[in-house]
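This report concerns only the one structure given below.
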Amino acid sequence: MIDVRRSGDRYRGGETAAGIESCHAFSFGPHYDPDNLRFGAVLACNEERLAPGAGFDEHPHSHTEIVTWVVEGELTHRDSRGHASLVRRGDVQHLSAAGGVRHVERNDGAEPLVFVQMWLAPLAPGGEPSYEVVRGIADSTPYAVPGAGALLHVRRLTAGERLAVPDAPFVYVHVVRGALSLAGDLLRPGDSARIGAEPELEGEAQDATEVLIWEMTSAP
């Protein structure tokens, strides 16, 4: 099973007057769709664009694994557990909300900020919140989110380079930049594919391409 979703079909949100533009790949907030609630462990894949000085004021999360990938600019993060950081392009940020945490996300820089934020359902509720930033993660280095039974693969491909899609019950592919040919479809920035049990599946980059791939063994 391969289900391709196009960038232009995402739900539009945010607050333009406040410098916030959002694109939601899954049912989110007022954009409720009972047929698009999740895929595997993935509950949300949001592309956020924040103008300089814009951001999300302190707000709560619980029972969610939140992984953020900065595309352009610099993300300022602070949370109620005392963590404060700047997250830049190439960094993986992981906030495990567990039993509950509050945080602030802002663009305090001079340039526009673009980031992709993905929410995953935990295998078990509760626990203590945790926070981590992996700086400059290397190509093909998987990042484990054990609380959700998931692995994130970050791939940076050159034109003509081939990509082996993990053979897993649930695989979620999101194209950040460039173009990826996959099973006869051409995926461009913002496009995604939901893949289930497709052995020996490969993609091919048509340009310099950056792809985020979630490998999930089961749905929590």
Side-chain angles (χ1 to χ4, degrees), residues 11 13-32 37-38 40-137 142-152 154 172 174 176 212 214 216 220:
Y11 308 111
E15 189 177 348
T16 303
I20 303 172
E21 296 181 17
S22 304
C23 293
H24 306 294
F26 290 83
S27 179
F28 197 90
H31 305 287
Y32 179 70
L37 297 178
R38 66 187 294 170
V42 179
L43 301 171
C45 181
N46 304 333
E47 181 181 279
E48 306 287 358
R49 296 176 178 268
L50 303 183
F56 301 102
D57 294 332
E58 187 174 86
H59 56 280
H61 289 283
S62 63
H63 314 302
T64 312
E65 303 290 332
I66 302 171
V67 178
T68 303
W69 178 259
V70 172
V71 181
E72 301 288 351
E74 186 175 83
L75 172 65
T76 296
H77 171 271
R78 298 187 301 276
D79 67 40
S80 55
R81 305 283 291 188
H83 302 112
S85 60
L86 295 176
V87 187
R88 302 178 177 89
R89 180 175 170 181
D91 297 342
V92 172
Q93 180 199 54
H94 176 201
L95 173 63
S96 180
V101 68
R102 301 179 67 86
H103 73 158
V104 174
E105 298 165 295
R106 296 194 54 80
N107 179 9
D108 290 333
E111 302 296 327
L113 166 64
V114 182
F115 62 92
V116 178
Q117 187 169 93
M118 298 151 288
W119 297 9
L120 283 76
L123 295 172
E128 287 296 314
S130 63
Y131 181 76
E132 179 180 39
V133 178
V134 177
R135 302 293 184 186
I137 193 166
Y143 179 79
V145 182
L151 283 174
L152 174 64
V154 178
Y172 185 79
H174 176 87
V176 176
L212 304 176
W214 283 106
M216 298 164 281

Has the side chain of R106 got a donor or acceptor atom that lies under 3.5 Å from a matching backbone atom of G53? yes
Could you give the distance from CG (L152) to CE (M118), rounded to the nearest 0.5 Å? 5.5 Å
Quick check: closest heavy atoms across P142 and L151, and the distance to 0.1 Å? CB-CD2, 4.2 Å
Would V70 and V114 satisfy side-chain contact (heavy atoms from CB on, under 4.5 Å), going step by step from the backbone distance to the final call? CA-CA 6 Å; V70 172; V114 182; over 6 Å; no
Are R89 and V71 packed together at the side-chain level, in the sense that at least one heavy-atom pair is separated by less than 4.5 angstrom? no
Q93 side chain near F115 side chain, heavy-atom distance below 4.5 Å: no
Just wondering, do L37 and F26 contact through their side chains at under 4.5 Å, heavy atoms? no
Donor-acceptor under 3.5 Å (H63 side chain, G126 main chain): yes
Closest non-hydrogen contact found for L43 with L120 is CD1-C, 4.0 Å
Are H61 and I66 side-chain neighbours, meaning at least one heavy-atom pair lies under 4.5 Å? yes
How far apart are the closest heavy atoms of P52 and G109, and which atoms are they? CB-O, 3.4 Å
Heavy-atom check, side chain of E105 versus side chain of L75, under 4.5 Å: yes
For G100 and S62, which heavy atoms make the closest approach, and how far apart are they? CA-CB, 4.0 Å
Verify whether the ring centers belonging to Y11 and H24 lie closer than 6.0 Å. no
Any chance CD of E111 has more than 12 other-residue heavy atoms, nucleotides or ligands included, within less than 6.0 Å? no
Using the ring centroid of each side chain, check whether W214 and H174 are separated by less than 6.0 Å. no
So, the side chain of H103 versus the backbone of V101: is there a donor-acceptor pair under 3.5 Å, distance only? no
So CG of L212 and OH of Y172: to nearest 0.5 Å the spacing works out to 9.5 Å
Does any non-hydrogen side-chain atom of S96 lie less than 4.5 Å from one of P129? no
Backbone N/O of R102 and side chain of S80: donor-acceptor pair under 3.5 Å: yes
May I ask you to check whether Y131 and H94 place their ring centers less than 6.0 Å from one another? no
Would you indicate whether the side-chain heavy atoms of R135 and D91 approach each other to under 4.5 Å? yes
What distance separates C23 SG from F28 CZ, expressed to the nearest 0.5 Å? 12.0 Å
Between T16 and I20, is there a donor-acceptor pair closer than 3.5 Å when you use the side chain of the first and the backbone of the second? no
Under a 4.0 Å N-O cut-off, is there an ion pair linking E128 with R81? yes
I137 side chain reached by W69 side chain, heavy atoms, under 4.5 Å: yes
Are H77 and H83 close enough, and set up right, to give a ring pair (Phe, Tyr, Trp, His ring centres under 6.0 Å), and what steps lead you there? CA-CA 8 Å; H77 171 271; H83 302 112; 7.5 Å; no
Please give me the minimum heavy-atom distance between N107 and E74, naming the atom from each residue. OD1-O, 3.8 Å
OG of S22 to NE2 of H31: how many Å apart, nearest 0.5 Å? 8.5 Å
Check the pair D79, L95 against side-chain contact (heavy atoms from CB on, under 4.5 Å), reporting the backbone distance first and the verdict last. CA-CA 9 Å; D79 67 40; L95 173 63; 4.1 Å; yes
Work out which heavy atom in A98 is nearest to a heavy atom in G127; give both atom names and the distance. CB-O, 3.4 Å
